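One structure below.
Each chain gets a letter, A, B and so on, in the order the sequences are listed, and its residues count up from 1. Just so we're clear, the structure is a prediction, and the values are computed from it rather than from any experiment.
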There are 2 protein chains.
Amino acid sequence: MKRPSPDITKRKPRATAADVAEIAGVSRSAVSRAFTPGAYLDQEKRERILLAAHELGYQPNALAATLQGARSNLVAVFAGEMRNEYDKEATAALIAGLNAVGKWPVVIAGGGDTAREAVTQVLRYPLDAMILRSGSIASEIVELCSKLNIPVIASGRIIEAKGVDNICLLNHDAAALAADLLAERGRSRIALVGGPGDFGATGERRSGFLNGLDRHGLTLVGEYAGNYTTESGYFATERLLEHAEFDGIFCANDAMAIGALGALRDAGKCIPTDVSVVGFDDIEMARWPGVRLTTLRNPIDDMVDAVLSSLDRRLADPNASEQTTRLHAEIILRDTH
Amino acid sequence: MKRPSPDITKRKPRATAADVAEIAGVSRSAVSRAFTPGAYLDQEKRERILLAAHELGYQPNALAATLQGARSNLVAVFAGEMRNEYDKEATAALIAGLNAVGKWPVVIAGGGDTAREAVTQVLRYPLDAMILRSGSIASEIVELCSKLNIPVIASGRIIEAKGVDNICLLNHDAAALAADLLAERGRSRIALVGGPGDFGATGERRSGFLNGLDRHGLTLVGEYAGNYTTESGYFATERLLEHAEFDGIFCANDAMAIGALGALRDAGKCIPTDVSVVGFDDIEMARWPGVRLTTLRNPIDDMVDAVLSSLDRRLADPNASEQTTRLHAEIILRDTH
DNA sequence: CCCCTATATGAACACGTGTGCAGATCTGGT
DNA sequence: ACCAGATCTGCACACGTGTTCATATAGGGG
């Protein structure tokens, strides 16, 4: 009954297989086998062990198991700043999806130096994979993971690197659909609220939209860049109203489109009679009464499915070649076009 | 140079301290010491080791360290369904806060049986703590954690149980402030959009509001329960407009208040001239142009600070007595009251 | 020269688990 | 009664780490 460490600040350690073995009157190996389906073990003995385990709240320590080569089932998710609604919805769905298949997401939020340090620290754990939902410091992360043989899955942007799987929307095609929509409504004086240049999808959506307009012989009458927040959409639209006359406007995401709706209404415009508004993403808010935004759905469920299947593939065969999955947007017609 | 397991499906294992020791020409112990600040180790040798480690991308396996009694720094966060904006914002902030102090959140989303199973699985890891942001299956979780000596911190609801710390807003007092606000504006015919009964804060906010009204000699002219979504706020307000005449309305959260704004405007009411609207939480959207909702701030930063300091306290002294931290709401005056 | 101390180093152990191995027991067929 | 095979069980090892322990080396004061 010796207590090697009478340190009062230390928590009583959790029950171990040896503890269970003792009170169940069996060997430690038997306890391990009781938790291993298909292992040879007397039925009556197994029940006795599980009962004892339940009493103590014992479960095998997943980390100790890792040392024998078992998968950790821990997956790092680098979520970035999550400043806009779409990012939050997508991350929440991804977490739920991982949970559903028995993978446990260790989530890193934020950016800059804090995130860099966080990623480094998290890599001290034996991760099954790293999922990137933010592009910041991506190349450093990829390099670190590659040294550690940790598969990387990028979602929402393309990262060209060895061993990185990509899941990304066909932004170009989707934005072209927005142009079709406005043209078919007979809109001819079109404005654009774009995004910041440091995000890959911004350029794809812009060029896709311009391409689509071109197919209908249309060009932009005005353009202003926001930063994907609602406030910036409001502000951008105010500026556009000052300098140009337009009857259709495409915003590179829904948050900005909702800002645009506010600015147009405050300016006395009637939607969609005076101006058609088309957004991008189909966030929850776009469905709300009083908003009912026409938009292009950036399909979160498809994204999660693709990430999970990519994860499966990579775990089954670590040497599998890189794979890029491109997702298709769907037109959602509501009341603003 | 023997390969005990030529299994092609198995990933090449990460570098270990022994690998680093070999290429640096030192003992394995020296490698461990190189990563332990303050340990006796020749300066030149330490540099050589760190260089070799960097080359291999080596970092000590945090889980193996756990076996010697080190903290895992893993913290489970049970986030629930995250159906409304406030939950998403609060969870994102909590994750970022944990990251900032070197704790790594393993996030569980969802509810029901899936969540129950998920919690059980996650408890196989040696967690530093369990943070609850959802009340569903709370009592089961608390019992499991108590057996495993894992401290539990509940945020957003009070859980009366041994070893559980609580962080919770003073909902009653805050809702009473909303009543003051409406009364001071001279509103006399007041309606309420409440929440579902299975959430503790709902009752506190309702009784606090009624109490506040009573202090001004006012009573409700109408009441309808929503489910904390914007759609339900819109619907509830429509119903209230059918059956009662009111000039002030309090909604138990901002999402429903925003729905109420939509319903009131669609009914031709002018805000705040005809009707004052007060929400609860101060989500990001409440600040948006075109919304500018008057509301009561449910202070996320304070919540995160309280959770972190509770975590600190619990880790420093596992036998510390339970602690309940009550947070204060702040009145945010904008354009709807 | 010796002695004491501060510094440096590697061997060995402990942590909790899964599993290979060898031995024990049981089953059923001749 | 005997043997082959199936079923069961415990011992011992490996996994990657931090730390104690004993030992070795260097430095400084007498």
Side-chain angles (χ1 to χ4, degrees), chain A residues 2-5 7 10-22 24-49 53 56-73 123-127 148-149, chain B residues 2-5 7 10-22 24-49 53 56-73 123-127 148-149:
Chain A
K2 62 175 173 184
R3 287 274 165 70
S5 63
D7 189 345
K10 230 165 207 166
R11 198 202 306 174
K12 180 154 71 82
R14 60 193 285 156
T16 129
D19 300 335
V20 177
E22 190 171 351
V26 296
S27 78
R28 214 222 0 110
S29 308
V31 176
S32 180
R33 280 190 254 267
F35 282 88
T36 307
Y40 282 133
L41 187 59
D42 186 66
Q43 185 57 27
E44 185 267 343
K45 195 185 258 190
R46 166 171 266 139
E47 280 165 14
R48 195 157 33 116
I49 293 173
L56 267 60
Y58 169 80
Q59 296 198 233
N61 182 329
L63 295 195
T66 288
L67 292 182
Q68 338 285 359
R71 291 222 173 95
S72 73
N73 288 323
L123 285 175
R124 293 170 83 118
Y125 299 85
L127 302 174
L148 295 170
N149 301 113
Chain B
K2 62 176 173 182
R3 287 273 165 72
S5 63
D7 190 346
K10 230 165 206 165
R11 196 200 311 173
K12 180 154 71 84
R14 58 194 284 157
T16 133
D19 299 335
V20 177
E22 189 172 352
V26 297
S27 76
R28 220 237 335 127
S29 307
V31 176
S32 181
R33 280 191 256 266
F35 283 87
T36 308
Y40 283 133
L41 187 60
D42 186 68
Q43 185 58 25
E44 185 267 343
K45 195 184 260 193
R46 167 171 263 137
E47 280 165 14
R48 195 154 36 112
I49 292 172
L56 267 60
Y58 170 81
Q59 295 198 234
N61 181 328
L63 295 194
T66 289
L67 291 182
Q68 340 284 359
R71 291 224 173 94
S72 72
N73 288 323
L123 285 175
R124 292 170 86 118
Y125 300 85
L127 302 173
L148 295 169
N149 301 112

*How long is the line joining CG of A:Leu67 and C1' of C:dG16, in whole Å?*
8 Å
*State whether B:Ser32 places a side-chain N or O below 4.0 Å from either non-bridging phosphate oxygen (OP1 or OP2) of D:dG18.*
yes
*Quick one: does B:Arg14 reach the base of D:dG16 with a side-chain donor-acceptor pair under 3.5 Å?*
no
*Would you mind reading off the distance between B:Arg28 atom CZ and C:dC13 atom P, rounded to a whole angstrom?*
13 Å
_When you compare the side chain of A:Val31 with that of A:Val26, does any pair of heavy atoms fall below 4.5 Å?_
yes
*Counting heavy atoms from C-beta on, name the nucleotide in C:dG10, C:dT9, D:dG16 closest to the side chain of B:Asn61.*
D:dG16
*Classify the nucleic acid contact of B:Phe35 as base, sugar-phosphate or nothing, counting any heavy atom under 4.0 Å across all strands shown.*
nothing
_Gap between atom CZ of B:Arg14 and atom CG of A:Leu123 - 0.5 Å precision_ = 7.5 Å
*Answer yes or no: side-chain N or O of A:Arg33 and base N or O of D:dG10 forming a donor-acceptor pair under 3.5 Å.*
yes
*Using whole Å, report how far OH of A:Tyr125 lies from P of D:dG16.*
18 Å
*Answer with yes or no whether A:Ser29 presents, from its side chain, a donor or acceptor under 3.5 Å of a partner atom in the base of D:dC11.*
yes
*asked:* Measure CG/B:Leu63 against P/C:dC15 and give the value in whole Å, please.
replied: 18 Å
_So if I take every side-chain heavy atom of A:Tyr40 and compare against D:dT9, D:dG10, D:dT20, which nucleotide ends up nearest?_
D:dT9
*Quick one: A:Glu44 CD to D:dT7 C1', roughly how many Å, whole number?*
16 Å
*Do B:Tyr125 and B:Thr66 have side-chain heavy atoms sitting under 4.5 Å apart?*
no
_Value rounded to 0.5 Å, distance of CG in A:Leu41 from CZ in A:Arg48_ = 9.5 Å
*Any side-chain heavy-atom pair from A:Val20 and A:Ile49 closer than 4.5 angstrom?*
yes
*For D:dC8, take OP1 and OP2 only and decide whether either is under 4.0 Å from a side-chain N or O of A:Lys45.*
no
*Starting at atom CZ of B:Arg46, determine the distance to atom C1' of C:dT9, rounded to an integer number of angstrom.*
13 Å
_Candidate nucleotides C:dG18, D:dT9, C:dG10, ranked by approach to the side chain of A:Asp42 - the nearest_ = D:dT9
*Mind checking A:Leu41 for me? I need base, sugar-phosphate or nothing, with any heavy atom below 4.0 Å counting as a touch.*
sugar-phosphate
